[in-house]
A.B. asks: 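First the structure, then my questions, so here it is.
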Amino acid sequence: MKETKLGMTFKKDEKFGEWYSEVIVNSEMLEYYDISGCYILRPWTMEIWELMKEFFEAEIKKMKVQPYYFPLFITEDVLQKEKDHVEGFAPEVAWVTKSGKSELEAPIAVRPTSETAIYPYFSKWIRSHRDLPWKCNQWCNIVRWEFSSPTPFIRSREFLWQEGHTAFATKEEADEEVLHILELYRRIYEEFLAVPVFKGRKSEMEKFAGGLYTTSVEAFVPNTGRGIQGATSHCLGQNFAKMFDIRFEDEKGKRSMVWQNSWAYSTRSIGVMVMTHGDDKGLVLPPKVAPIQVIVIPVPFRDADTVAIKGACDSTVYTLNQAGIRAELDARDNYSPGWKYSHWEMKGVPLRIEIGPRDLANNQVRIVRRDNGAKADIPSVDLVEHVRVLLDGIQDTLFETAKQKRDACIEVVNTWDEFVAALNDKKLILAPWCDEEEVEKDVKARTKGDLGAAKTLCTPFDQPYLAEGTMCFASGKPAKTWSFWGRSY
């Protein structure tokens, strides 16, 4: 079999969009499908998703969240019940109108999110204070038929996510859970994907339609100067409880409405990771989510003892696997070692181990890091310890590098002119704001252009000092808070 030429044709800093499309296809994460905005998620992606799922599932089980699965289809009358909510999703809802050749009596919606599918059943199941708190989660697919230019992972017409739905007797319990879940989302991004995020609250204009308030983790892509909502944890208040009559009887026999939350993160997180760490050789994977953390490649020269080299490779993989490290051997003999190096670099595997005749003679292995290309010869006896240290080091380095790049993009502005200059300079803007919806609408209108309008990304929980007399950058009114602004995906 003839070797095909490997490598990237686009550079990240020059043609970011083309580079991104090339990375996700060449690294075998995803394949384009014949319906626009829909993509085939290949094993490399699904294994990353499963590693994140494993962590999140274990954490929510500690919170006594139970697994459920609700149907994909929602009737029109139920979907229309919560007016604000359905208006927020209306442009994105896909409808089934036919079965075979016959028209359906009433169109059926494909879920854009599941609040309206789930809450009629909450009203049936929740009767007493003894039934609370009620906590459920489902891992499922979502369909949002929107937008003219989909971006794989980031904005697709069908995507995978988890969605948690919970009900409480008091607002205090709901508020507490919102922040607990948000912290889990921060950990997924920062500790697993090595992507720095801000935790904060969404503006009234940007909050979840029909909810009381929305919190989010927000990432930023320096190459495009765009913010990206990483995951959301919403307090729904009692809005849905009113609509769907979700009430409980307390200890004194008084009937009250529940307080509800919903929260979700999706396969979008994988796209954010690719954009953050990928380079001109392809994907760069943080070790915690890499399906293969170490790839072992035999390097037999002419007249070398190939059997002994293969034996040393097998033994290395076995030793690493026994220590809980995800290692594999690439023993394919129809590809040269050089081709294999490029292939696994493209797929972003954190560490490569090469074993040739000299390594065999010296009881060592050659280790190469994917993130910075650093090479080292390691004695075989100390292998596991060295690999562990290196994997931890790569994880930390990727996060710190990404954080430095993101922080270098933050610009603090105080005036409208500074704001416009920073926006055109692809900055993540931190500005004093009067926190008024009309002002945000005005900023959106005034910045509308080919690149998209600016909007609030979030009001960070970690607030800088706001000096008395500070004015809003956009309205000149007294500022109430510091908020992040920018263009977004």
A.B. asks: Are the aromatic ring centres of F198 and F484 under 6.0 angstrom apart?
C.D. replies: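 Distance test on ring centres: under 6.0 Å, yes.
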A.B. asks: Do you know which of V284, L285, I154, L283 makes side-chain contact (heavy atoms from CB on, under 4.5 Å) with V274?
C.D. replies: L283
A.B. asks: I'd like to know if the side chain of T9 pairs up with that of E22 as donor and acceptor (distance under 3.5 Å, no hydrogens or angles considered).
C.D. replies: yes
A.B. asks: Using a 3.5 Å cut-off and no angle test, enumerate the donor-acceptor pairs between side-chain atoms of residues 440-456 and protein atoms at least two apart in sequence or in another chain.
C.D. replies:
{"unit_1": "E440", "atom_1": "OE1", "unit_2": "S203", "atom_2": "OG", "d": "2.8"}
{"unit_1": "E440", "atom_1": "OE1", "unit_2": "T456", "atom_2": "OG1", "d": "3.4"}
{"unit_1": "E440", "atom_1": "OE2", "unit_2": "T456", "atom_2": "N", "d": "3.2"}
{"unit_1": "E440", "atom_1": "OE2", "unit_2": "T456", "atom_2": "OG1", "d": "2.7"}
{"unit_1": "D442", "atom_1": "OD2", "unit_2": "R446", "atom_2": "NH1", "d": "3.1"}
{"unit_1": "K444", "atom_1": "NZ", "unit_2": "E206", "atom_2": "OE2", "d": "3.4"}
{"unit_1": "T447", "atom_1": "OG1", "unit_2": "V443", "atom_2": "O", "d": "2.7"}
{"unit_1": "T447", "atom_1": "OG1", "unit_2": "K444", "atom_2": "O", "d": "3.4"}
{"unit_1": "T447", "atom_1": "OG1", "unit_2": "A454", "atom_2": "N", "d": "2.9"}
{"unit_1": "K455", "atom_1": "NZ", "unit_2": "E206", "atom_2": "OE1", "d": "3.4"}
{"unit_1": "K455", "atom_1": "NZ", "unit_2": "S488", "atom_2": "OG", "d": "3.3"}
{"unit_1": "T456", "atom_1": "OG1", "unit_2": "S203", "atom_2": "OG", "d": "3.2"}

A.B. asks: Using the side-chain contact (heavy atoms from CB on, under 4.5 Å) definition, which of the options I181, T215, V217, T214 pairs with T232?
C.D. replies: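 Going through the options one by one, the only one that passes is T214.
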A.B. asks: Could you check whether K171 pairs with D175 (Lys NZ or Arg NE/NH1/NH2 to Asp/Glu carboxylate O, under 4.0 Å)?
C.D. replies: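 Between D175 and K171 there is a salt bridge, with a charged N closer than 4.0 Å to a carboxylate O.
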A.B. asks: When you check the gap from the basic side-chain N to the acidic O, do D250 and K254 get nearer than 4.0 Å?
C.D. replies: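 K254 and D250: not salt-bridged.
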A.B. asks: Salt bridge or not for E191 and R186, using N-O below 4.0 Å?
C.D. replies: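 Looking at R186 together with E191, the answer is yes, because their closest N to O distance falls below 4.0 Å.
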A.B. asks: Is the distance between the ring centroids of F55 and W49 less than 6.0 Å?
C.D. replies: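 When the ring centroids of F55 and W49 are compared, they turn out to be at least 6.0 Å apart.
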A.B. asks: Flag the pair K62 and E59 as a salt bridge only when some basic side-chain nitrogen lies within less than 4.0 angstrom of an acidic carboxylate oxygen.
C.D. replies: yes
A.B. asks: Salt bridge between K199 and E183, side-chain N to carboxylate O under 4.0 Å?
C.D. replies: yes
A.B. asks: Would you tabulate the side-chain donor-acceptor contacts of residues 38-48 under 3.5 Å, counting partners in other chains and residues two or more places apart, or write 'none'?
C.D. replies:
{"unit_1": "W44", "atom_1": "NE1", "unit_2": "K347", "atom_2": "O", "d": "2.9"}
{"unit_1": "T45", "atom_1": "OG1", "unit_2": "M29", "atom_2": "O", "d": "2.7"}

A.B. asks: Heavy atoms only: give me the nearest M273-P286 pair and the separation to one decimal.
C.D. replies: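 Nearest pair, atom of M273 first, then P286: SD-CD, 3.7 Å.
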A.B. asks: Do you know the tightest heavy-atom contact between G164 and Q162?
C.D. replies: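 Residues G164 and Q162, closest heavy atoms: N-NE2, 3.5 Å.
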A.B. asks: For the residue pair Y68 and F70, does the interplanar ring angle fall in the parallel (under 30°), tilted (30 to 60°) or perpendicular (over 60°) class?
C.D. replies: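 Y68 vs F70 ring planes: parallel.
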A.B. asks: Just checking E176: does its CD atom have more than 12 heavy atoms from other residues, nucleotides or ligands closer to it than 6.0 angstrom?
C.D. replies: no
A.B. asks: Which class fits the ring pair W125 and F122: parallel under 30°, tilted 30 to 60°, perpendicular over 60°?
C.D. replies: tilted
A.B. asks: Determine, step by step, whether W95 and W145 satisfy the ring pair (Phe, Tyr, Trp, His ring centres under 6.0 Å) criterion, reporting the C-alpha distance in whole Å, the side-chain angles of both residues, the deciding distance to 0.1 Å, and the verdict.
C.D. replies: CA-CA 9 Å; W95 294 94; W145 214 265; over 10 Å; no
A.B. asks: If the condition is side-chain contact (heavy atoms from CB on, under 4.5 Å), which residues does C434 pass it with, not counting sequence neighbours?
C.D. replies: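 Expected list: E436, V439, C472, S475, K477.
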A.B. asks: Regarding D279 and R370, does a basic nitrogen lie under 4.0 Å from an acidic carboxylate oxygen?
C.D. replies: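 Yes, this pair counts.
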A.B. asks: Give me the one residue out of W161, Y189, Y185 that meets ring-ring contact (aromatic ring centres under 6.0 Å, His included) with F56.
C.D. replies: Y185
